[in-house]
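Only heavy atoms go into these numbers, but all of them, side chains included; no hydrogens, no water, no symmetry mates.
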Protein chains: 2
Amino acid sequence: MTTKDKILNCALQLYNEQGPNKITSRHIATELGMSPGNLHYHFKHTDDIIIQLFNQLADSFDELISELEQSKVDLNYLMNFTNKSFDLVYTYRFIFLSFVELGRRIPAIQQFYQEINERRLHEFKTIFKNFQKKKIFRQDIPSHVLDLLVNQIFIVGDFWPSNNDLTLKLEQVAAKKYYSKIFLNMFYPYFEPSIQVQYQSQLGFSE
Amino acid sequence: MTTKDKILNCALQLYNEQGPNKITSRHIATELGMSPGNLHYHFKHTDDIIIQLFNQLADSFDELISELEQSKVDLNYLMNFTNKSFDLVYTYRFIFLSFVELGRRIPAIQQFYQEINERRLHEFKTIFKNFQKKKIFRQDIPSHVLDLLVNQIFIVGDFWPSNNDLTLKLEQVAAKKYYSKIFLNMFYPYFEPSIQVQYQSQLGFSE
DNA sequence: TTAAAATTAGTACATTTGTTCTAAAATTAA
DNA sequence: TTAATTTTAGAACAAATGTACTAATTTTAA
């Protein structure tokens, strides 16, 4: 592993634990047993570390959305996508926990958020329309209601780590289980009755 | 207006505009044409300003929840509560935009969030059960689904300003209109058909 | 009016932080 | 091997920040 990667990994861990405001370049250097001079040889600006980490996240997210194939999207596909998204969000949770501040501090972050958000809003609006065609979603839902649903799910999808940090503070596995249930449940009342049954049996609501 | 209140008002404005990390006690003092020594005569620690502002928010929120009278809650009541909540959140938006960081920095904030969250989760679970009794909500929704809905609405209710800041950056009136629509729409698929009609006509979905 | 109390300005200090600079050490290439 | 390049440590600096201190000024109370 290159020194750059060591720095990035260490920074990700420290940022996730304590937030990007508490952690300085000196902290990261010390944690790695490295001089501050050396760290700044690899990353001229401290924010460059954050930018690089954000780019990792952005690339992964981008890939995830690119994989979406409208025609194949069904309930399983939706659950699968949710699963992968939640893992990604958890891995880079410090970004989501400080999204507003990082967006203000680093314009590229805000810009990319807007782009990827536009894109996934559009993708999911299409998916939901297909859901209606395929009778996964109820037929009697007006299309503007579906459009608003898309906004809801992304707010929950982006800010569940913040809610977790302020309340239960669940760690990885438990958090993912808890919040993906909350997330997927947003779709429940839109499902056709038969899908509702299928959904409930798959999620094991008896627990 | 006392000097303390002037400081609080000015701080609120600056925090809302630029976030609590960019704004220092010196900034606030300068904005008020006041010496830093004087500001620290009124607030020994800079964080005391934030704590005081948070207490203002907490008191208002507490009052709002206390006013809830389960028996009287109907669709209009719900819309009214949403309206007041959104105003409050907007007024103190810097807290919601930096909730996680402030919670970590100031334990009292995190603690109060947990308390008020527990309380409103409970209140709303009861409200939704009443909604079912009163046939405002559909009868065929399992109770655990309703419980999860409660979690969803509070995540959206707390983090819509963050979403707004990262995307459209709507100001007060427009933001409230846009996000309260998204918020109230979360209830839509749970409404009985007759209530759905009533809801749509009240919100004027033609716009 | 006068003494006490409250308020204010201005300065000063310690700490933290990002970053730069220099020189040494390690690595690579010829 | 030797020269060039890369990497590293460590010191140094400037700016920012929270906050304490002092002395002046203003306000209040007797």
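Contact annotation: B:S25 does not reach the phosphate of D:dT17 (side-chain N/O to OP1 or OP2, under 4.0 Å). For A:H27, no side-chain nitrogen or oxygen approaches OP1 or OP2 of C:dT16 to under 4.0 Å. For D:dT8, neither phosphate oxygen OP1 nor OP2 lies less than 4.0 angstrom from any side-chain nitrogen or oxygen of A:S35. An OP1 or OP2 oxygen of D:dT7 is reached within less than 4.0 angstrom by a side-chain nitrogen or oxygen of A:Y41. Phosphate proximity of C:dT19 to A:T46: present, with a side-chain N or O under 4.0 Å from OP1 or OP2. For the pair B:H42 and C:dT8, the criterion of a side-chain N or O lying under 4.0 Å from OP1 or OP2 is met. Close to D:dT7, at under 4.0 Å from its OP1 or OP2, lies no side-chain N or O of A:T2.
A:Y92 has its side chain out of reach of A:F61: every pair of non-hydrogen atoms, C-beta onward, lies at least 4.5 Å apart.
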Practice prompt. For side chain to side chain donor-acceptor pair (under 3.5 Å), just list the numbers for B:Y188 and B:Q200, CA-CA rounded to whole Å, side-chain angles, deciding distance to a tenth of an Å, and then say yes or no.
Written response: CA-CA 9 Å; B:Y188 180 84; B:Q200 294 227 26; 3.0 Å; yes
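Among the nucleotides D:dT19, C:dA9, C:dT19, the one closest to the side chain of B:P36 is D:dT19. Side-chain atoms of B:R26 lie closest to D:dT17 of the nucleotides D:dT8, D:dT17, C:dT7. When the nucleotides C:dT8, D:dT17, D:dA20 are ranked by their closest atom to the side chain of B:K44, D:dA20 comes out on top.
Looking at A:N163 and A:Y179, their side chains do bring a donor and an acceptor atom within 3.5 Å of each other. No hydrogens or angles considered: nothing links the side chains of B:Q114 and A:K169 as a donor-acceptor pair under 3.5 Å. If you check the side chains of A:T24 and A:H27, you find a donor sitting under 3.5 Å from an acceptor.
Summarising the geometry, the separation between NE2 on B:H40 and P on C:dG10 is reported as 16 Å, rounded to the nearest angstrom. Taking atom CD1 of A:I28 as the reference point, atom C1' of C:dT19 lies 14 Å away to the nearest angstrom. Atom CG of B:N21 is separated from atom P of D:dG18 by 10 Å (rounded to the nearest Å). B:L32 has its CG atom 16 Å from the P atom of C:dT7, to the nearest Å. Summarising the geometry, the separation between CZ on B:R105 and C1' on D:dT17 is reported as 12 Å, rounded to the nearest angstrom. With rounding to whole Å, B:I50 atom CD1 is found 13 Å from D:dT17 atom P. What separates CG of B:L39 from P of D:dA20 is a distance of 13 Å, to the nearest Å. One can place CG of B:D47 at 14 Å from P of D:dT17, the figure rounded to the nearest angstrom.
Each of A:N38 and B:H45 was matched to the nucleotide of DNA chain D holding its nearest heavy atom; the match closer to the 5' end belongs to A:N38.
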